[in-house]
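Worksheet: one structure, shown below.
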2 protein chains.
Amino acid sequence: MVENFNISERLAKRLKKTRKSKGLSLEATSKLSGVSRSMLSQIERGESSPTVATLWSLTRALQVDFAGLLDESDTGSTIKEVMRASRTPTINSQGEGCRIRILSPPDQAGQLEVYEILFTKNGALISAPHRQGCVEHMTVLEGALSVVAGDDGAELGAGDTIRYAADCRHSIRANGQPAKALLIVHNS
Amino acid sequence: MVENFNISERLAKRLKKTRKSKGLSLEATSKLSGVSRSMLSQIERGESSPTVATLWSLTRALQVDFAGLLDESDTGSTIKEVMRASRTPTINSQGEGCRIRILSPPDQAGQLEVYEILFTKNGALISAPHRQGCVEHMTVLEGALSVVAGDDGAELGAGDTIRYAADCRHSIRANGQPAKALLIVHNS
DNA sequence: CCTAATAATCCAATATATTGGATTGTATAT
DNA sequence: ATATACAATCCAATATATTGGATTATTAGG
């Protein structure tokens, strides 16, 4: 078990690694971000726990985002998980007239979930709001679908992709013909 | 440091909203997180830019992650983007014997990218390391594939899903028969 | 109206994050 | 070895994040 250093330790290593990988000096990074070299040095040595403001500046300068910088992605084996087809769970009609195949490993629930959804002629999938900041990506594989999220709506055909906030009521509906879609839920 | 205003403001609203949505008082949140009520109050009013350490405690207590708290998902229209099938770009053979259809909107590049990959009989997709923390999800739609990431490797059949770190050299290879796969890249 | 009780903000004391300049370290070239 | 140039760390001064306790709302009973 690679143990949980405190958050500052992890951040330190991540920052140093990404800065070096871009071939930047502390000075250069300082000019890019507006954070002093001294501060950068301290942060990279785990002697200071930066403010969100300064961290924000750094993420902008180094072109990384908070998730990547702070998530606890272990350094263990690079392959995190394999889920076999035989164990792929299937949910029948959570709305009406649709079947859902869960393609993502269970330990990713809430982070990044991948579903294949099969709609019957007039099937629909109606969902309550998810967590604040939750976003759904959907690509239509076959047929045609209409999406409603909050007050917005859109009509999609085969091959179309839509991205919408899912922290409000949203629904996906097949119009007149069976349809198949791929749904990716981020931060549910 | 012009952007501090924004980030603190956003954070403030997000925090208050999620705390309220859980029906917690400042006192309760304080006990859960170990951060003083005063601090919480200041943060929620945008008068203080918390330290990563304290922010970390808060995310643990409120069960949200940094991405959700700080990402700039504006409250504008809920539907962020629609990409039509006719505009779906296709890349031919980045490795050898594979075609890639980009299913995600371009403004999401680097955040969440979705690809459909078509392999010929012995086609392969070989990729250089992506950003630190980058993770790829892949589901095999048809055929069989072998994946190598860093020092690990795995064999996958139709319907199987794998998740692996992509901040090191990685490759996907069809063995003996044409294959189709869905690839999701997180934080490239 | 008065209390009691809980929630949020204000305030002074303290800890720590952040800065600019000085110092040390590490190369490369003369 | 000396000099030059740049990169990283150390150090004192300052700004600001964080805390505990006092103060003000706000609500609910009597």
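Residue numbers start from 1 in every chain, and the chains themselves are labelled A, B, ... in the order their sequence lines are given, proteins ahead of strands. These figures come from a predicted structure and were not determined experimentally.
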Legend entry - Residues, nucleotides or ligands: over 12 heavy atoms within 6.0 Å of B/R84 CZ: yes

Legend entry - Any A/W56 side-chain heavy atom under 4.5 Å of B/R10 side chain: yes

Legend entry - Residue that, paired with B/E44, satisfies side chain to side chain donor-acceptor pair (under 3.5 Å) out of B/K16, B/R19, B/K20: B/R19

Legend entry - Residue pairs, two or more places apart or on separate chains, that pass ring-ring contact (aromatic ring centres under 6.0 Å, His included) and touch residues 128-162 of chain B: B/H130-B/H170

Inset, instruction - Would you mind listing the cluster partners of B/L141? Hydrophobic ones only (ILVMFWY), side-chain contacts under 4.5 Å, chaining allowed. - result: A/L103, A/L112, A/V114, A/L141, A/L182, A/I184, B/L103, B/L112, B/V114, B/L182, B/I184

Legend entry - Selection residues 170-180 of chain A - residue pairs positive for salt bridge (Lys or Arg N to Asp or Glu O under 4.0 Å), sequence neighbours left out: A/E142-A/K180

Legend entry - chain B contact limits on DNA chain D, taken 5' to 3' with a cut-off of 4.0 angstrom to heavy atoms: D/dA17 to D/dG21

Set out, line by line, the N/O atom pairs under 3.5 Å between protein and nucleotides 7-9 of chain C.
residue: C/dA8; atom: OP2; partner: B/L26; partner atom: N; Å: 2.8
residue: C/dT9; atom: OP2; partner: B/S41; partner atom: OG; Å: 2.8

Inset, instruction - Please list, chain by chain and in numerical order, all residues satisfying salt bridge (charged side-chain N to carboxylate O under 4.0 Å, His left out) with A/E155, sequence neighbours excluded. - result: none

